[in-house]
Amino acid sequence: MNGVRFNHLLGLEGMSREAITEILDSAEAFLEVLERPIPKVPSLRGVTIANLFFEPSTRTRISFELAEKRLSADVTNFSSSNSSLVKGETMLDTARNIEAMKVDVVVIRHFAQGAPHFLADRISASIINAGDGAHEHPTQALLDMLTLKHQIGALDGLKVLILGDIAHSRVARSNIWGLRTLGASVKVCGPLALMPREVEEMGVEITHDLNEALAWCDVVNVLRLQLERQQEGLIPSLRDYQRSFGLTRKRLEMAGGDKVIMHPGPMNRGVEIDSDVADGSGSVILRQVTYGVAVRMAVLYLISGGERIIE
Ligand code: CP
């Protein structure tokens with residue numbers, strides 16, 4: 001099962017098709033485990049995992065913790081607000097202390113781009129990036145790809161639209177790297193002020209015309225509008241954003257054809273996506289969350305060596 005060896009999962013940039021496929025294939029086996037009456041296997045018995053969250057999270061934090069417990073790992077959780085960081089301890093000292101307690105795997109979410117890479121260079125534990133600044137969120141993109149595999153089949157030739165605040169989105173970056181590696185076509189759509197120049201160099205097309213983009217795509221992955229961007233003056237108003245880039249039932253009907261609707265969460269209903277779209281028949285938003293546990297089980301399993309069988 002484990003043809004590819006992983007020491008860390010820092011991002012999908014540069015990850016091979018073979019490695020991504022191995023994670024997705026392993027996640028299929030764990031989806032089956034999650035359907036059992038007792039959804040638990042002994043694969044990571046004796047492995048100690050620390051979840052370090054320096055930024056708020058609902059889905060990723062709970063999903064990793066569930067995945068670890070379903071694999072029978074020993075788990076400890078750390079959040080910056082109730083730690084010695086508030087007394088001035090550095091992140092590196094925090095990590096070294098965690099390592100001194102013989103932790104094998106560190107799952108880290110941090111507001112600073114590159115924080116997981118910083119740790120990977122300095123401590124011996126395996127590091128999994130659970131989201132670093134606007135850089136990457138690899139397990140989110142992997143669960144998005146697993147959802148699409150189940151919903152549609154092969155990703156080769158699939159047309160995926162990523163809609164919204166591309167500039168500040170780690171979800172967009174990881175999805176672009178992963179989807180392009182698996183052969184999908186990716187287009188991004190959003191306001192000029194929220195569109196990074198370098199995105200074209202990642203092999204995607206940019207548009208600011210949502211109706212044209214919707215007519216083109218099979219899948220729409222809607223990104224959260226980070227509301228603080230309004231205070232920065234990057235968008236004129238939420239109303240204006242909703243009018244130009246909000247995903248509504250009317251726009252989808254105008255585009256014609258069935259589209260798969262995705263959102264990484266948390267959603268601003270009535271801003272980037274209307275409730276009748278988020279909760280409508282094309283939506284796979286909650287299925288993404290379900291698949292997230294299996295994907296994280298697969299990543300943890302492969303990073304920990306993967307030689308222990310799934311019984
Ligand atoms: N998708 C995602 O990363 O959600 P959380 O911020 O709740 O973890």
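For ligands, and for the atoms within them, numbers begin at 1 and follow the listed sequence.
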Closest non-hydrogen protein atom to [atom], residue and atom name please, with distance?
{"atom": "atom 2 (C) of ligand 1", "value": "T60 OG1, 3.5 Å"}
{"atom": "atom 1 (N) of ligand 1", "value": "P264 O, 2.8 Å"}
{"atom": "atom 6 (O) of ligand 1", "value": "R109 NH1, 2.9 Å"}
{"atom": "atom 4 (O) of ligand 1", "value": "R59 NE, 3.1 Å"}

Worksheet item: Within a radius of less than 6.0 Å around CZ of R17, do more than 12 heavy atoms belonging to other residues, nucleotides or ligands occur?
Response: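 Yes, enclosed.
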Under 3.5 Å, is there a donor-acceptor pair between the side chain of [X] and the main chain of [Y]?
{"X": "Q226", "Y": "H168", "value": "yes"}
{"X": "H8", "Y": "L10", "value": "no"}
{"X": "R173", "Y": "A134", "value": "yes"}
{"X": "R109", "Y": "E55", "value": "no"}

Worksheet item: So is there a nitrogen or oxygen of P266 less than 3.5 Å from a nitrogen or oxygen in ligand 1?
Response: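 It does not: no N or O of P266 is found under 3.5 Å from an N or O of ligand 1.
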Worksheet item: Do any nitrogen or oxygen atoms of R61 lie less than 3.5 angstrom from nitrogen or oxygen atoms of ligand 1?
Response: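 No: no nitrogen or oxygen of R61 is under 3.5 Å from one in ligand 1.
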Fill in: 4.0 Å heavy-atom contact, G265 with ligand 1
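Within the 4.0 Å threshold, so yes.
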Discussion item. Check contact between H137 and ligand 1, using heavy atoms of the residue and a distance below 4.0 angstrom.
Written reply: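 The answer is yes, since H137 has a heavy atom less than 4.0 Å from ligand 1.
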Worksheet item: Any chain of hydrophobic side-chain contacts (each under 4.5 Å) joining V186 to L223?
Response: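 Per the 4.5 Å side-chain linkage, V186 and L223 are co-clustered.
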Worksheet item: Quick one: CG on D104 to CG on L44, what's the gap to the nearest 0.5 Å?
Response: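 The CG atom of D104 sits 9.5 Å away from the CG atom of L44.
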Worksheet entry | Contact atoms of ligand 1, heavy-atom distance to T58 under 4.0 Å |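 Atoms satisfying the 4.0 Å criterion: 5 (P), 7 (O), 8 (O).
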